[in-house]
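Each remark here refers to the structure printed beneath this line.
We use all heavy atoms of the structure for the numbers below, so side chains are in, but hydrogens, waters and symmetry mates are not. The chain is numbered in sequence order, starting from 1.
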Amino acid sequence: MTKIDISSWGMFVIGDIMNKLDLKIKKEDFDKRLDTSLEKNEEFSLPLINAKDGNNGIMYYGRKDDFESEEMCLDIVQNGAVATGNVYAQIQRTGVLWDAYLVKPNDKISKYALLFLSLIVQKSIKKKFNYDNKAIWDKVKLEVIPLPQDKTGKPDWGYMDLYMRSIEKKAKKTVESLISIIE
């Protein structure tokens, strides 16, 4: 794969292009043991983010009525021995348990642009934060990230969308080729 030419990219303050969502647990007598499940099922169907390394940051599932939730967000893990600074694109409706938070881009963007953005944000913050230096929003929102920019100087979400679609297309072709070899 060819390298991306980033010479015309702009620098953007994270807090200028997205906002932290203040999502709450709605159930007044919430008890994690009774009100969450490690397995997704009909009752516990809402993904909940937590200090999770892997599985897209989803550690538990809750009841949809028990949690405020949002879709098309970035999940930033603020705490955890290994997971601090992980960033996951949460395309589906997702709630927050604890030790992580959701941020939403100010502009309406595609899932592909959201995936691109998640990679850039994680690359920019992962090594700056750790268990002793939490990736809290008050710090993360001040970080500056490089992004493609359009002619007006705003993030070029269209470019990000097309780039990630091309990556997906190449990956599908590779997988199809591998499957054809082993069949």
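Between Gln78 and Asp99, the side chains place no donor N or O within less than 3.5 Å of an acceptor N or O (distance only, hydrogens not considered). In this model, no donor atom of one side chain and acceptor atom of the other lie less than 3.5 Å apart for Tyr61 and Glu39. Using modelled atom types and a 3.5 Å distance limit, the side chains of Asn133 and Lys139 yield a donor-acceptor pair. For the residue pair Gln92 / Thr94, a side-chain donor-acceptor distance below 3.5 Å is found, with atom types taken as modelled.
Annotation: the span from Leu74 atom CG to Ile120 atom CD1 amounts to 11.5 Å, rounded to 0.5 Å. Expressed to the nearest 0.5 Å, how far CZ of Arg165 lies from CG of Leu115 amounts to 10.5 Å. The CD1 atom of Ile49 lies 9.5 Å from the OH atom of Tyr101; values are rounded to the nearest 0.5 Å. Atoms CE and CG, from Met18 and Asn106 in turn, are 8.0 Å apart once rounded to the nearest 0.5 Å. Rounding to the nearest 0.5 angstrom, the gap separating the CH2 atom in Trp157 from the CG atom in Leu162 is 14.0 Å. Rounded to the nearest 0.5 Å, atoms CG (Asp53) and OG1 (Thr84) are 9.5 Å apart.
Taking all atoms of both residues into account, the shortest heavy-atom contact from Ala83 to Ala51 is CB-C, 4.1 Å. Here the closest non-hydrogen pair linking Asp150 and Pro155 is OD2-O, 4.1 Å. For the pair Thr36 and Phe44, the tightest heavy-atom approach, listed with the atom from each and the gap, is N-CE2, 3.7 Å. Taking both residues in full, the closest heavy atoms of Ser124 and Pro146 are given as OG-CD, 4.1 Å, listed atom of the first, atom of the second, then distance. Closest approach of Gly15 to Asn19, counting heavy atoms only: O-OD1, 4.4 Å. Contact detail for Ser118 and Ala89: the closest heavy-atom pair is CB-N, 3.9 Å.
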What's the verdict on salt bridge (charged side-chain N to carboxylate O under 4.0 Å, His left out) for Asp156 and Lys154, showing C-alpha distance, side-chain angles and the deciding distance?
CA-CA 6 Å; Asp156 190 343; Lys154 294 185 178 184; over 6 Å; no
With ring-ring contact (aromatic ring centres under 6.0 Å, His included) as the test, would you mind laying out the steps for Phe30 and Phe67 before giving the verdict?
CA-CA 10 Å; Phe30 175 78; Phe67 294 85; 5.6 Å; yes
Show the numbers, then the answer: is there a side-chain contact (heavy atoms from CB on, under 4.5 Å) between Lys141 and Lys20?
CA-CA 9 Å; Lys141 72 180 180 183; Lys20 181 179 183 268; over 6 Å; no
Test side-chain contact (heavy atoms from CB on, under 4.5 Å) on Met160 and Tyr112; report intermediate values, then the result.
CA-CA 7 Å; Met160 293 178 234; Tyr112 295 100; over 6 Å; no
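The main-chain N or O of Gly57 is never found under 3.5 Å from a side-chain atom of Asn86 such that the two would form a donor-acceptor pair. Counting only distance, with no hydrogens or angles, the side chain of Asn50 and the backbone of Lys52 share no donor-acceptor pair below 3.5 Å. The closest donor-acceptor contact from the side chain of Asn56 to the backbone of Ile58 lies at 3.5 Å or more, if one exists at all. Judged by distance alone, the side chain of Gln149 and the main-chain N or O of Ser8 form a donor-acceptor pair under 3.5 Å. Between the side chain of Asp107 and the backbone N or O of Ile109, no donor-acceptor pair lies under 3.5 Å. The main-chain N or O of Glu71 is found under 3.5 Å from a side-chain atom of Lys104 such that the two form a donor-acceptor pair. The main-chain N or O of Ala113 is found under 3.5 Å from a side-chain atom of Ser110 such that the two form a donor-acceptor pair.
In this structure the side chain of Cys73 never reaches within 4.5 angstrom of the side chain of Val103, judged on heavy atoms. Counting heavy atoms from C-beta on, the side chains of Tyr159 and Ile4 come closer than 4.5 Å. Within the 4.5 Å cutoff, no side-chain heavy atoms of Asp22 are placed close to those of Trp137.
Using a 30° and 60° split on the angle between ring planes, Trp9 and Phe116 fall in the tilted class, from 30° to 60°.
Salt-bridge annotation for Lys64 and Asp66: absent, with no side-chain N of the basic residue lying under 4.0 Å from a carboxylate O of the acidic one. Between Lys32 and Asp35 there is no salt bridge, since no side-chain N of the basic residue sits under 4.0 Å from a carboxylate O of the acidic one. Salt-bridge formation is not detected for the pair Asp65/Arg63: no Lys NZ or Arg NE/NH1/NH2 atom is positioned less than 4.0 Å from an Asp or Glu carboxylate oxygen. In summary, Lys26 and Glu68 do not engage in a salt bridge, as defined by a charged side-chain N under 4.0 Å from a carboxylate O. A salt bridge is defined here as a Lys NZ or Arg NE, NH1 or NH2 lying under 4.0 Å from an Asp or Glu carboxylate O, and Lys27 with Asp29 meets this definition.
Hydrophobic clustering of Ile, Leu, Val, Met, Phe, Trp and Tyr side chains at less than 4.5 Å, counting indirect connections, unites Leu114 with Tyr163. Residues Leu46 and Leu38 share a single hydrophobic cluster, defined by chaining ILVMFWY side chains whose heavy atoms lie under 4.5 Å apart. Under the 4.5 Å side-chain heavy-atom criterion for grouping Ile, Leu, Val, Met, Phe, Trp and Tyr, Tyr60 is not connected to Val96 through any hydrophobic cluster. Linking Ile, Leu, Val, Met, Phe, Trp and Tyr residues whenever their side-chain heavy atoms come within less than 4.5 Å leaves Tyr88 and Met164 in two separate clusters. When the side chains of ILVMFWY residues are joined at heavy-atom separations under 4.5 Å, either directly or via intervening members, Ile76 and Ile145 end up in a single hydrophobic cluster.
Test Val77, Asp75, Val140, Ile125 against Val87 for side chain to side chain contact (heavy atoms under 4.5 Å, CB included) and you get one pass: Ile125.
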